[in-house]
Amino acid sequence: MRENDRHTATDADYDAVVVGAGFSGLYQLHRLRDELGLSVKLVEKANDVGGTWYWNRYPGARCDSESHIYCYSFNDEIMEEWQWSERYPRQPEVLEYLRFVADHLDLRKDIEFGTEVTSATFEEDTGTWQVETDDGETLSSQFFVTAVGCLSTPYVPDFENRDAYQGETYHTGKWPHDPVDFEDKRVAVIGTGASGIQTIPEVARADIEHLTVFQRTPNYAVPARNRSLDDEDWEEIQRNYEEIMAEAHDDGSGLPFDTARETAADLTMADIEAVLEPRWEEGGWRFLVAFEDLLVNPETNEKVSQYLREKIRGAVDDPETAEKLVPTDHYYATKRPPLHTDYYDTFNRDNVSLVDVTETPVDRFTTGGIRTEDGEDREFDMVIFATGFDAMTGTLLRMDIEGRNGLTLEERWADGPKTYLGLGVQGFPNMFTVTGPQSPSVLSNMPVPIENHVEWISETIGDLVEGGTPYIEPTGVAEEDWTEHNMDLAQETLYTTVDSWYMNENIPGKPTVFVPYPGGVDIYQDTIREVREKGYEGFTLADSVDDLGRRGESPQLGVFEAMELLHADLMEMA
Ligand code: NA7
């Protein structure tokens with residue numbers, strides 16, 4: 001049953017269909033339904049809310065952002081009523097939080113759980129989105145909002161003979177809901193990204209026989225230094241909560257942490273240690289933001305990387321293993337910087353061994369395990385793939401989205417994603433992508449850019465509904481400019497010096513292009529706010545689908561000019 005009646009101009013089932021019930025989708029549903037009074041249907045593949053936090057339930061799964069800032073800030077009641085129990089929340093606690101929010105805002109009644117979107121097509125005749133689901137239903141709507149997360153399509157490399165393996169296999173991003181029994185098992189973990197680094201110590205601590213870690217690229221992991229939060233901690237946070245959240249929203253990374261210095265380029269290693277050591281001891285991402293030019297100045301970064309390399313060497317007993325764990329092929333934080341709890345210590349255990357696949361590549365899977373190219377057969381009862389995701393574009397592209405003129409998103413993005421502001425794509429009217437490619441998303445503390453995007457999208461839909469303008473779509477010119485701007489900014493950073501999923505390079509065949517917006521959440525927020533204030537500069541606003549086609553490539557029209565044109569058209573018709 002619908003909560004609200006339709007308010008918008010088209011003859012559709014709903015004003016908006018939203019896909020995904022994670023942080024983004026839940027807030028998007030709330031804003032559109034409860035603040036604009038629109039009729040909204042949210043479609044979610046899982047059987048519950050949670051998004052990332054529904055699926056990533058592997059042992060050790062924990063948020064790397066501190067709990068009190070990894071949450072919504074839009075609702076005082078939620079902020080007052082929810083109390084986090086640890087400095088970094090474990091997966092079940094984040095999931096519980098999102099369930100609490102869904103119940104608090106009474107969101108479940110408008111969510112269709114256990115339903116996957118199989119295609120979304122913009123139907124030009126009716127000017128509506130036709131969203132097909134795997135239960136054979138078609139939902140039509142005026143607006144189509146994707147809130148599908150940035151890391152939601154798990155990736156398993158196509159190892160030779162993989163399917164012949166007879167043991168248990170799991171992917172960290174699709175972990176079963178039933179308990180997994182580790183007792184006396186010989187376990188392999190492939191992958192040492194953020195997920196591998198969290199799960200490896202937990203698996204090693206379980207009652208296993210042996211753990212073998214297959215590492216392709218060593219990572220620079222900084223200690224998290226998790227601890228419980230008691231009432232006193234919480235009172236302190238509550239006292240300053242508004243200020244903390246305002247700082248997070250005003251920061252390039254969505255983190256309310258101060259930097260120590262602009263650069264480390266002019267410092268000796270002793271000076272650098274003096275700056276970094278307290279941050280190392282404190283743990284977490286304060287370390288990451290110590291020097292402002294970390295990701296643009298190779299001299300700063302090399303010194304910080306050097307500091308981290310020595311820390312790794314100091315933590316691992318066996319010098320040969322230590323050297324394998326020391327990254328030398330990339331700068332710190334140019335791949336997603338993980339936090340860890342006991343990761344390096346894990347390699348001091350007798351029941352843990354490390355295989356460096358750059359020295360000893362995987363040849364193939366066998367029925368009983370993995371054969372490496374040196375001819376050694378290793379037998380395993382269980383293989384855990386911590387091998388990441390088809391990041392940022394994977395889930396959108398799998399949804400079979402088709403815009404105007406029968407153009408699919410897959411065709412449109414054949415050379416890599418092109419968007420305007422990471423919010424929309426030319427040729428796809430009234431489609432909005434929460435934390436889409438070319439927006440800050442994964443380069444920051446995610447709830448911050450999520451709130452920012454959801455609010456912008458909601459305000460925009462509100463303006464359109466109120467102004468009686470049925471269609472909005474980025475112009476081709478604006479999209480080209482934004483894509484070029486994104487690339488130019490990325491070229492100024494060190495991110496482009498290494499293969500990573502930021503660079504779209506972790507999946508064979510994907511075009512190499514830096515995907516998130518690297519200019520910072522704060523600057524980005526100002527940019528999209530300004531676009532709206534300037535009457536949607538860079539977007540075409542139109543009263544008909546034909547009009548969109550006609551105006552799409554012409555210089556952008558502001559909302560007021562578009563409304564004037566619409567008015568003139570209507571007068572002509574009358
Ligand atoms: P990541 O960061 O993509 O890590 C995947 C890991 O798997 C990484 O160490 C990869 O090595 C490794 N990998 C991928 N393919 C292979 C093959 N073929 N052989 C060996 N090793 C391989 O995913 P995570 O799940 O850890 O983290 C994703 C995000 O989720 C994280 O940032 C959080 O935001 C939550 P590589 O580095 O590519 O050499």
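Atoms within each ligand, like the ligands themselves, are counted from 1 in listed order. The figures that follow rest on heavy atoms only: side chains count, while hydrogens, waters and symmetry mates do not.
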(message) Given 3.5 Å as the limit, does a donor-acceptor pair link the side chain of S152 with the main chain of T395, or not?
(response) no
(message) Could you walk me through whether R336 and D64 satisfy the salt bridge (Lys or Arg N to Asp or Glu O under 4.0 Å) test, starting with their C-alpha distance in whole Å, then the side-chain angles of each, then the deciding distance to 0.1 Å, before giving a yes or no?
(response) CA-CA 11 Å; R336 201 288 205 165; D64 279 345; 2.7 Å; yes
(request) May I ask you to identify the nearest protein heavy atom to atom 5 (C) of ligand 1, giving residue, atom name and distance to one decimal place in Å? (result) A386 O, 3.3 Å
(message) When you compare ligand 1 with T172, is there at least one nitrogen or oxygen pair between them that comes in under 3.5 angstrom?
(response) no
(message) So for ligand 1, is N506 a polar contact partner (N or O within less than 3.5 Å, distance only)?
(response) no
(request) Would you mind finding which of G388, S195, P337, A61 brings a heavy atom closest to atom 26 (O) of ligand 1? (result) S195
(request) Could you find the nearest protein heavy atom to atom 11 (O) of ligand 1 and give me its residue, atom name and distance? (result) R216 NE, 3.7 Å
(message) Which residue and atom name correspond to the protein heavy atom nearest atom 30 (O) of ligand 1, and how close is it?
(response) L151 CD1, 3.8 Å
(request) Would you confirm whether the ring centroid of H330 sits within less than 6.0 angstrom of the ring centroid of Y220? (result) yes
(message) When you measure from the side chain of N486 to the backbone of P516, do you find a donor-acceptor pair of N or O atoms at a distance under 3.5 Å?
(response) yes
(request) Examine Y155 against ligand 1 and note whether any of their N/O atoms are separated by less than 3.5 Å. (result) no
(message) For atom 37 (O) of ligand 1, what's the nearest protein heavy-atom neighbour? Residue, atom name and distance, please.
(response) K335 NZ, 3.1 Å
